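Everything numeric here is computed off the predicted structure, so don't read it as measured data. Note on naming: letters A, B, ... go to the chains in the order of the sequence lines (proteins, then strands), and numbering restarts at 1 for each one. Basis for what follows: all heavy atoms, side chains included, without hydrogens, waters or symmetry-related copies.
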There are 2 protein chains.
Amino acid sequence: MQASMYEFLIPSANRMLGNLSQLLDKADEFATAKKIEPPVLLGSRLAPDMFPLTRQVQIACDMVKGAAARLSGSEIPSFADTETSIAELKARIAKTLDFVNGIDAAKFAASEDRDIVITLRTGELRFKGLNYLRDFALPNVYFHVAAAYLILRHNGAEIGKNDFIGK
Amino acid sequence: MQASMYEFLIPSANRMLGNLSQLLDKADEFATAKKIEPPVLLGSRLAPDMFPLTRQVQIACDMVKGAAARLSGSEIPSFADTETSIAELKARIAKTLDFVNGIDAAKFAASEDRDIVITLRTGELRFKGLNYLRDFALPNVYFHVAAAYLILRHNGAEIGKNDFIGK
C-alpha cells in the first residue's frame, strides 16, 4: 500500500460520490414517507444566497471529474446542468464515476508536479498537481458533499454522519 | 514534491484548522456587529439532534491530533472539552496545531501500513494507516470544519466558500 495521487483521489471520489448517491436514495425515501413534493428538497439551501441541493451535487461531480481529468492529462467531459430529479442526479454521479474509473491508474504517475490551471470567473488559479488535489479539489469535493448532507439533515432526513463518511 | 502521508495530513490540517480559526474571528466580528450574545452562535446547530458549533470545533481538533499522533506513533494529547468562548476554541486550535507541527516529519514514514485501531462507543474500527487517513481522519476533519462553516453561514455570518477552502 502506498500513498499516491491516484490513491488519494480515486478511492476518495468513489467513496464520497457513492455515499452521496446513497444519501439521495434516503432523501427520496424520506420525501415519499413525509409526502414532500419532489422538488422541495432539491431546491433547499442553508442560506438564501447559497446553492441548493441540486447544485451541490452537480459541483461535487464536477470537482471529481475535473480533478481526475486534469491530473491524468485527459479531457474533461462536459455535463449539462439540467438535472431536475433525484434519479437524474444519481445518473450524473454514476456517469462521473464511470469516467474517473475508466482512466488508467498509470496516467496519474508524477501528477504531483503537473502544472494545473483552473479558470474561474474571478481569474486563473495555478497549482502544482499535489497542491491542486490536496488544497483545492478534495476540499471542494468534501465541502459540497457535506453541504448536500447538511441540507438534508437540516430538513429532517433520517441520516447520520456514517452516511457521509461511509462504511 | 511527492505525495505522502505527511503531505496529505499536515499541510491539510494546518490549512483547515487555520481557516477554522479565521472563521471564528469572523463569527466574533459578526456577533459584535449584530449584538448577538456570545454563547448564541457557539450553541447553534443545523438540526436539534446535531452537535453545536463548539463541539464541531472540538471534534475537528480531535480528528487532527488523533491522526497525527496515531500515524507518527506518538501519544495522543488529551484536551478537556471545556471551551465556552471563541477565544478558548481558538486556543484549542492553536494547541492542536502546535502539537502536530512539533512532530518530526520522518516519523510518518511508512505510516501507510501502520495498524490503526480506533475505539468508539459502538466498537473498534481497524484500519491500515492509508485507509485511516484517507477514509476516516480527513473526511472527518472536512466534515466538522464544513459543519462549523455551515452553522455560521446559516446564521447569517458574512463568510463565503473561500473562507472554508482558504487561500
Side-chain angles (χ1 to χ4, degrees), chain A residues 1-12 14-16 19 45-51 59 108 110-114 122 125 128-131 133-162 164-167, chain B residues 1-12 14-16 19 45-51 59 108 110-114 122 125 128-131 133-162 164-167:
Chain A
M1 193 173 274
Q2 201 186 345
S4 66
M5 296 291 282
Y6 178 87
E7 280 293 338
F8 272 94
L9 173 57
I10 302 301
S12 301
N14 277 281
R15 167 176 285 257
M16 296 315 296
N19 293 348
R45 39 189 112 217
L46 289 171
D49 57 346
M50 272 191 72
F51 286 131
I59 299 175
F108 293 91
S111 61
E112 289 90 330
D113 292 317
R114 205 179 257 277
T122 47
L125 295 178
K128 286 291 176 188
L130 175 60
N131 302 98
L133 178 59
R134 180 188 65 199
D135 304 335
F136 182 84
L138 287 177
N140 266 291
V141 171
Y142 284 113
F143 179 85
H144 291 286
V145 177
Y149 168 89
L150 289 168
I151 288 170
L152 291 171
R153 190 77 169 73
H154 180 64
N155 275 279
E158 286 178 15
I159 54 179
K161 195 174 71 177
N162 278 344
F164 171 85
I165 298 285
K167 297 294 179 313
Chain B
M1 193 171 275
Q2 201 185 345
S4 66
M5 296 290 283
Y6 178 87
E7 280 293 340
F8 272 95
L9 173 57
I10 302 300
S12 301
N14 278 281
R15 166 175 286 256
M16 295 315 295
N19 293 349
R45 41 188 112 217
L46 289 171
D49 57 346
M50 273 190 72
F51 287 132
I59 299 175
F108 292 92
S111 61
E112 289 90 330
D113 291 316
R114 206 178 255 279
T122 46
L125 295 178
K128 287 291 177 188
L130 175 60
N131 302 97
L133 178 60
R134 181 188 65 201
D135 304 335
F136 182 85
L138 287 177
N140 265 291
V141 171
Y142 284 114
F143 179 85
H144 291 286
V145 177
Y149 169 89
L150 289 168
I151 288 170
L152 291 171
R153 189 78 168 73
H154 180 64
N155 274 278
E158 286 179 14
I159 54 179
K161 195 174 71 176
N162 278 344
F164 171 85
I165 297 284
K167 298 293 179 315

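The residue among A:M5, A:K128, A:E112, A:Q2 with the most heavy atom pairs within less than 4.5 Å of chain B is A:E112. The candidate with the highest count of non-hydrogen atom pairs below 4.5 Å against chain A, out of B:P11, B:P48, B:G156, B:G129, is B:P11.
Taken to the nearest 0.5 Å, the OH atom of B:Y142 stands 6.5 Å off from the CG atom of A:L138. Interatomic distance, CZ of B:R153 versus CZ of A:R45, reported as 10.5 Å (0.5 Å rounding). Between the CG atom in A:N155 and the CG atom in B:L46 there is a gap of 10.5 Å [rounded to 0.5 Å]. In this structure, A:M50 CE and B:L150 CG are separated by 5.0 Å, a value rounded to the nearest 0.5 Å. Between atom CG of residue B:N162 and atom OG1 of residue A:T122 there is a gap of 7.5 Å, rounded to the nearest 0.5 Å.
Among all heavy-atom pairs drawn from B:L130 and A:A3, the shortest one is CD1-CA, 4.3 Å. Minimum interatomic distance between B:A146 and A:A146 (heavy atoms only, all atoms of both residues): CB-CB, 3.8 Å.
No part of B:A110 comes within reach of chain A, as not one of its non-hydrogen atoms sits under 4.5 angstrom from that chain. Residue B:D135 touches chain A through both its backbone and its side chain, counting heavy-atom pairs closer than 4.5 Å.
Without hydrogens or angle criteria, B:R134 side chain to A:E7 main chain gives a donor-acceptor distance under 3.5 Å.
Ring geometry for B:F164 versus A:F143: interplanar angle of 30 to 60°, hence tilted.
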